[in-house]
Amino acid sequence: MKAYLARALILVGVLGAFNSRCLSEEVVVDERGEFSEIDTGDENGEGDENGEDDENGEDDGFGTVAGSLVIASDYMFRSISNSNNGPTVQGDLNWTHDIGFYIGVWTTNTDFGGPGNSMEFDPYVGWSGDLPETKINLNIGYWSYNYPKSEFDYDYGETYLILSFTVDKLTISPSLWYSNNYFGRDFLNNVDSLAYEATFSFELASYMDISVHLGEQTFESSYDYLNYGYYDAGIDWKISDYTLGLRWYDTDGVDPFLAAKNLTDGRFVFKVTRSF
């Protein structure tokens, strides 16, 4: 996959979004750049349209608490292994208010983050809602990447913007992720970075989706030799509160300064997700 192909497809997605009047799904960020639906309570009995208490005794006016636990054969971030090709356990907990505001925290084991560190702790905050009349979902927020025990300062953050819209059974989600100090003060401090991404997901059945995720990680002009493309594609099978996923990840043009070749080679990743 060439990096310019990812940009072209993302541009098509953005243009299509602003010229469409189709229904959309609200999404929040999951697994550092992937997407999951906001839990609005319409599938699990956690609220109704009249604002009455749900089956679990929660009031819609308070919002919804949701989360997930993931066990996977590798921790992939923009198609680069962050767990040294090893398994990972990840958790997410978030709260969403009825007006669209959300806040949460995501954590995982990792081999990134520098000597002395073995975990990543990522709080995030944002707002998600439909644009007037278009029914296109807009999701904007800030994601903070933190490596608590690292001997180096690799903590940094990204501001993101995600559009999501659905045509029949196809959902398209273009997005942008911006940082002004990629991987912190001790790596690329004061270096601007921008990731372009697009996710195309198709519902094969009520319990099965296939999806393709394309992206390009870019840097300001003096560091543009670090630019690279990435993609993943796979299938998700939902069984009650569990989701089984199998995906292929690969990259194009990753400089050794960013990651060793054995961390960027193509590979299959299997994961099990338990949502609650």
Side-chain angles (χ1 to χ4, degrees), residues 1 5-6 8-17 19-46 64 66-79 87-88 90 92 94 96 106 128 130 134-139 162-175 196-216 229-251 266-276:
M1 182 204 69
L5 176 60
L9 288 171
I10 292 168
L11 179 59
V12 169
V14 173
L15 292 177
N19 286 281
S20 174
R21 289 177 177 268
C22 49
L23 295 177
S24 67
E25 294 179 355
E26 295 183 354
V27 295
V28 294
V29 184
D30 185 27
E31 289 190 65
R32 293 185 63 181
E34 297 183 8
F35 308 101
S36 64
E37 296 180 19
I38 288 179
D39 187 353
T40 56
D42 55 355
E43 293 184 358
N44 298 316
E46 295 182 354
T64 302
S68 64
L69 180 66
V70 175
I71 299 176
S73 59
D74 207 336
Y75 166 23
M76 306 299 292
F77 177 60
R78 294 175 188 162
S79 292
T88 182
Q90 303 168 346
D92 175 76
N94 60 77
T96 304
W106 184 88
S128 177
D130 288 342
T134 65
K135 298 299 182 181
I136 300 165
N137 183 260
L138 171 66
N139 186 355
I162 305 164
L163 294 176
S164 183
F165 59 99
T166 300
V167 180
D168 194 14
K169 296 184 178 182
L170 175 66
T171 299
I172 303 175
S173 298
S175 62
Y196 305 83
E197 297 188 347
T199 301
F200 302 83
S201 179
F202 185 79
E203 182 184 291
L204 293 177
S206 60
Y207 55 87
M208 184 183 300
D209 298 328
I210 57 173
S211 60
V212 176
H213 180 216
L214 305 171
E216 182 185 10
Y230 54 94
Y231 72 94
D232 59 85
I235 186 169
D236 291 309
W237 186 298
K238 300 175 184 177
I239 305 174
S240 185
D241 293 328
Y242 293 86
T243 301
L244 307 181
L246 181 64
R247 305 192 70 78
W248 172 263
Y249 292 83
D250 209 349
T251 60
R267 86 272 320 270
F268 281 106
V269 173
F270 175 74
K271 69 176 181 179
V272 179
T273 303
R274 170 64 164 91
S275 301
F276 56 89

Non-neighbouring partners of F268 that pass ring pair (Phe, Tyr, Trp, His ring centres under 6.0 Å), sequence neighbours left out:
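Once residues adjacent in sequence are excluded, the partners of F268 under the ring pair (Phe, Tyr, Trp, His ring centres under 6.0 Å) criterion are W248.
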
Partner set under ring pair (Phe, Tyr, Trp, His ring centres under 6.0 Å) for F270, not counting sequence neighbours
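In terms of ring pair (Phe, Tyr, Trp, His ring centres under 6.0 Å), with neighbours along the sequence ignored, F270 is linked to no residue.
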
Just to verify, what does D236 make a salt bridge (charged side-chain N to carboxylate O under 4.0 Å, His left out) with, not counting sequence neighbours?
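Salt bridge (charged side-chain N to carboxylate O under 4.0 Å, His left out) check on D236 returns nothing, list empty.
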
Going from [atom1] on [X] to [atom2] on [Y], what distance comes out if it is rounded to the nearest 0.5 angstrom?
X: F200; Y: L214; atom1: CZ; atom2: CG; answer: 6.0 Å
X: T199; Y: D232; atom1: OG1; atom2: CG; answer: 7.5 Å
X: I136; Y: T166; atom1: CD1; atom2: OG1; answer: 10.5 Å

Mind checking side-chain contact (heavy atoms from CB on, under 4.5 Å) for T88 and listing every partner two or more places apart, or none if nothing turns up?
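For T88, the residues satisfying side-chain contact (heavy atoms from CB on, under 4.5 Å) (neighbours in sequence not counted) are A72, Y75, Q90, T108, N109.
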
So, using side-chain contact (heavy atoms from CB on, under 4.5 Å) as the criterion, who are the partners of F202 when residues are at least two apart?
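In terms of side-chain contact (heavy atoms from CB on, under 4.5 Å), with neighbours along the sequence ignored, F202 is linked to K169, L170, L204, I210.
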
Assess the residue pair D130 and L138 against the criterion (side-chain contact (heavy atoms from CB on, under 4.5 Å)); give the C-alpha distance rounded to whole Å, side-chain angles, the decisive distance to 0.1 Å, and a yes or no.
CA-CA 6 Å; D130 288 342; L138 171 66; over 6 Å; no

Closest approach of [X] and [Y], non-hydrogen atoms and distance?
X: E216; Y: Y230; answer: N-CE2, 3.5 Å
X: W106; Y: D92; answer: CD1-CB, 3.7 Å
X: S68; Y: F276; answer: N-CE2, 3.5 Å
X: K238; Y: T243; answer: CG-OG1, 3.8 Å

Dump the intermediate steps for side-chain contact (heavy atoms from CB on, under 4.5 Å) on I239 and Y207, then the final yes or no.
CA-CA 7 Å; I239 305 174; Y207 55 87; over 6 Å; no

Going by the rule side-chain hydrogen bond (donor to acceptor under 3.5 Å, both in side chains), which residues pair with D74 if we only count those two or more places apart in sequence or in a different chain?
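Scan of D74 (side-chain hydrogen bond (donor to acceptor under 3.5 Å, both in side chains), adjacent residues dropped) gives S81, S83, R267.
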
Any side-chain donor-acceptor pair under 3.5 Å between N139 and N137?
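Distance-only check fails for N139 and N137.
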
Within the structure provided, determine whether R247 and S211 are in side-chain contact (heavy-atom separation under 4.5 Å).
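The answer is yes; the side chains approach within 4.5 Å.
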
Option among D209, T171, D168 that satisfies the side chain to side chain contact (heavy atoms under 4.5 Å, CB included) test with E203
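Among the candidates, only D209 passes.
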
Tell me if a side-chain donor or acceptor on S79 pairs with a main-chain N or O of D250 at a distance below 3.5 Å.
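Side chain of S79 to backbone of D250, a donor-acceptor pair under 3.5 Å: yes, one is there.
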
